[in-house]
Asker: 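Below you will find the structure I want to go over with you.
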Amino acid sequence: MSENKSTLDTLVALCKRRGFIFQSSEIYGGFAGFWDYGPLGCELKRNIKDSWWKATVRTREDVEGLDASIIMHPAIWKASGHLDTFADPMSMCRNCKKLMRADQIWDLFAENGLEAALAPLLGDPGKIANWCKGRGRALAPNLDAVKNAETALPRLFPRLAEPKTARDLYILLATPDGKESVLPCPHCGGEMTEPRPFNLMFRTVVGPIDDPANAAYLRPETAQAIFAQYTNILKTSRQAVPFGIAQMGKSFRNEVTPRNYTFRSREFEQMELEFFIKPDEAVELLCGHVARLTPETDLSQPQPDWGWEIWHKYWVEQRKNWLLKAGLPQGSFVEYWQKPDELAHYARACVDIEYAFPFGTQELEGIAARSDFDLTQHQTHSGKPMEFFDEPLKLAAKRLSDEQKAAFRAKTLADWTARGKSEQAANRFLDRLLEGYYIPHVIEPSAGVDRMALALLCNAYSEEQIPNDSGKEDVRTVLHLSPIIAPVKAAVFPLVKNKPELYAKAREIFKTLQSRWNTYWDESGAIGRRYRRQDEIGTPYCITVDFQTLEDGTVTLRDRDTMQQSRISIPELVAKIDAAVN
RNA sequence: GCGAGCUUAGUUCAAUGGCAGAACGCCAGCCUUCCAAGCUGGCCACACGGGUUCGAUUCCCGUAGCUCGCUCCA
């Protein structure tokens, strides 16, 4: 642990020393949760983003790009659910000082059967109050409100505007001095403070009048802008489902405790793709079946008979391939498939790709199958249709006999009710589907640029023992970054700097390379020292111009990882680096 | 947000109620024909604010930041 600790510390020191990452506002003492990327850091981030964009958008015909505004209509966050879920009230125990999300107090009590016991009492505050007194005595005999249960007057406090389950309610107990407490502390039975709102979204004011009515929010994710512009992009891009919209950009979350270097920041950058697919029912009508995911399923090319499950798996594989290309080796990250009870209610599946950071194994990116939840929400809240008209689907439905159609309806109805949906909703969906309309489902790969940068740096960092000129062991610090990601692609050195002819030739070669890639010039100190400087920032190639260069035009190419040198002509050199950095 | 500890140069560390040091790094010069060589010179620090004191980097208080634990991480 302490060894891991120092791994992160040395990396942090390197990042500062060499200009990758600085603390924000450092001259004023720093500002928690915010970070600045220096000369090398911003190149690193740019390379990560360029590589992602190239893989996700440029080299695909079925994905379009978007660069939306950070501040959007507040109604978007109402529709997405962020205004509600990001504003979860928190409650603290006055006795043991533990801070808990108010609704999670329920989780802690659930083991004791609280929720189940309360469910039948819903809608009858009197019964709940009585239950509370008795139960409270057992759970928290020392709580004042419970001791005085005869005089305490429990009342209900809704957590959501429209409470549907017991969990949507807090139970407040009036204490003798008139204050109210939620359920007693599950840990020590102490008295809990009243739940206070904790809004995790940054609030600002739009327009010059500083009035709460003008409140707006900095986006907590880039995804919602994609849903909000989905119809515009669908109309203007000549795309058809299945297709995707990708966006990279800053997002903001008012984290309670930003920690672990840049891992959890209050301002961060995301790379998100929303890939819109046909609902499985549409695939079935069009293809007569929905392909099943098996270990043998060929995921190299999308197929018309893929349902959400294969599409989801496809994107997991696509993302893993990209991680490998970016330089995270096989085995350095793990897939965590969320269990059914961990999934958000609208999610069909979610895979976290986790990396073993020095401070623990943490999520690098998530690939979620989000059903049609988001677009449906926006259709409901905006009143604008989010349906896609699928002409082949309409024709396919037309070709069905009445018998076939009835069978299809019955099967779909059974599926939906089995998933807890109402018959009415299923029928509404079927009516539209058979006319060729549906709201697309979504597969969402969502990655954090800053986390990716940190993971790549952690993975690349190494210290190697190598003998120096005087026969002693030296420590060589190297960032084994992929050439695609490395902030500096090549460095050019004149072997000596006091020979004008050699110097001029080196400058000429440097200028040639500089026009293609980020290239570094270094003429100071012994040649070995210059190599080590580049090792420390992960420059894959060092080019030394020596006296032979003046004769035959070749240079010495020194490889960062192997430290091997070879002689190479300039055209060969350009071709070699070009192949490595793309 | 709570509790504990910490904060001296770019980095890693010293010392001190009375001029704050080293190593490495960095910069300049000399030298140098391939892996942190050598010589000379140079830049750079007591996190910030207040208090006690003749005098505070040192003692006290506050703020910020960092680390650890609790908590949070849709």
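Each chain gets a letter, A, B and so on, in the order the sequences are listed, and its residues count up from 1. We use all heavy atoms of the structure for the numbers below, so side chains are in, but hydrogens, waters and symmetry mates are not. Just so it is clear, the structure is predicted and the values come from calculations on it, not from any experiment.
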Asker: What is the distance, rounded to the nearest whole Å, between atom CD of Glu536(A) and atom P of G25(B)?
Answerer: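 To the nearest whole Å, that distance equals 11 Å.
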Asker: Which nucleotide wins on minimum distance to the side chain of Leu495(A), given the candidates U33(B), G29(B), A36(B)?
Answerer: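 The nucleotide sitting nearest to the side chain is U33(B).
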Asker: Should the pair Tyr346(A) and Phe373(A) be assigned to parallel (<30°), tilted (30 to 60°) or perpendicular (>60°) ring geometry?
Answerer: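 Aromatic pair Tyr346(A)/Phe373(A) classed parallel.
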Asker: Atom CD in Glu272(A), atom CH2 in Trp52(A): separation rounded to 0.5 Å?
Answerer: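 With rounding to 0.5 Å, CD (Glu272(A)) is 8.0 Å from CH2 (Trp52(A)).
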Asker: Given C66(B), G29(B), C34(B), identify the nucleotide with an atom nearest to the side chain of Gln23(A).
Answerer: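 Ranking C66(B), G29(B), C34(B) by closest atom to the Gln23(A) side chain puts C66(B) first.
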Asker: May I ask you to check whether over 12 heavy atoms, not counting those of Glu335(A), lie within 6.0 Å of atom CD?
Answerer: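 Result for CD/Glu335(A): enclosed.
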Asker: For His73(A), look at atom NE2 and say whether over 12 heavy atoms of other residues, nucleotides or ligands are found less than 6.0 Å away.
Answerer: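 Not more than 12 within 6.0 Å, no.
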Asker: Are Ser25(A) and Phe34(A) close enough, and set up right, to give a side-chain contact (heavy atoms from CB on, under 4.5 Å), and what steps lead you there?
Answerer: CA-CA 8 Å; Ser25(A) 318; Phe34(A) 298 93; over 6 Å; no
Asker: To the side chain of Arg532(A), which of U33(B), A36(B), C34(B) is closest?
Answerer: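 From the listed options, A36(B) comes nearest.
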Asker: Categorize Asn498(A) for me: base, sugar-phosphate, or nothing, with a 4.0 angstrom heavy-atom threshold over every strand shown.
Answerer: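 Base contact.
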Asker: Consider the side chain of Phe547(A), meaning its heavy atoms from C-beta on, and name the nucleotide among U32(B), C34(B), U33(B) that approaches it most closely.
Answerer: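 The listed nucleotide nearest to Phe547(A)'s side chain is U33(B).
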Asker: Of Ile537(A), Leu457(A), Leu479(A), which is the lone residue that meets side chain to side chain contact (heavy atoms under 4.5 Å, CB included) with Leu44(A)?
Answerer: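 That would be Leu457(A).
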Asker: Hey, are the side chains of Ser265(A) and Asp450(A) touching, using non-hydrogen atoms and a 4.5 Å cut-off?
Answerer: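 Ser265(A) vs Asp450(A): side chains apart.
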Asker: Using modelled atom types only, decide if a donor and an acceptor are shared between the side chain of Arg476(A) and the backbone of Arg532(A) within a distance under 3.5 Å.
Answerer: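 Checking the backbone N and O of Arg532(A) against the side chain of Arg476(A), no donor-acceptor pair under 3.5 Å is found.
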Asker: Any donor-acceptor pair, under 3.5 Å, between the side chain of Arg530(A) and the base of C35(B), if you only look at N and O atoms?
Answerer: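 By the distance-only test, no, there is no pair.
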Asker: So which protein N/O to nucleotides 9-12 of chain B N/O distances come out below 3.5 Å?
Answerer:
unit_1: U11(B); atom_1: OP1; unit_2: Lys16(A); atom_2: NZ; d: 3.3

Asker: Please measure how far the C1' atom in A56(B) lies from the corresponding atom in C19(B), and state the result in whole Å.
Answerer: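 Result for the C1' pair: 15 Å, nearest Å.
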Asker: With pairs taken as Watson-Crick or G-U wobble and both distances under 3.5 angstrom, which stems of at least three consecutive pairs involve RNA chain B?
Answerer: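 So far as stems of 3 or more pairs are concerned, RNA chain B shows B:1-7 with B:64-70, B:10-13 with B:21-24, B:26-30 with B:38-42, B:47-51 with B:59-63.
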Asker: Between Arg451(A) and Phe263(A), is NZ or CZ placed under 6.0 angstrom from the six-membered ring centre and within 45° of the ring axis?
Answerer: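 Checked: cation-pi criterion met.
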Asker: Under 3.5 Å, which protein N or O atoms sit close to an N or O of nucleotides 62-64 of chain B? Give each pair with its distance.
Answerer:
unit_1: A64(B); atom_1: O2'; unit_2: Gly29(A); atom_2: O; d: 3.0

Asker: Using a heavy-atom cut-off of 4.0 Å across all strands, would you classify Arg533(A) as base, sugar-phosphate, or nothing?
Answerer: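 Sugar-phosphate, no base atom in range.
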Asker: If I pick the P atom on U57(B) and the same atom on G18(B), what distance separates them, to the nearest angstrom?
Answerer: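 Result for the P pair: 11 Å, nearest Å.
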Asker: May I ask you to check whether Phe493(A) and Tyr531(A) place their ring centres under 6.0 Å from each other?
Answerer: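 Here the rings of Phe493(A) and Tyr531(A) have centres that are less than 6.0 Å from each other.
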Asker: Whole Å only: how far is the CE atom of Met201(A) from the P atom of C72(B)?
Answerer: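 Computing the Met201(A):CE to C72(B):P distance gives 20 Å.
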Asker: Roughly how many Å apart are U52(B) and A45(B), using the P atom of each and rounding to a whole number?
Answerer: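 Result for the P pair: 28 Å, nearest Å.
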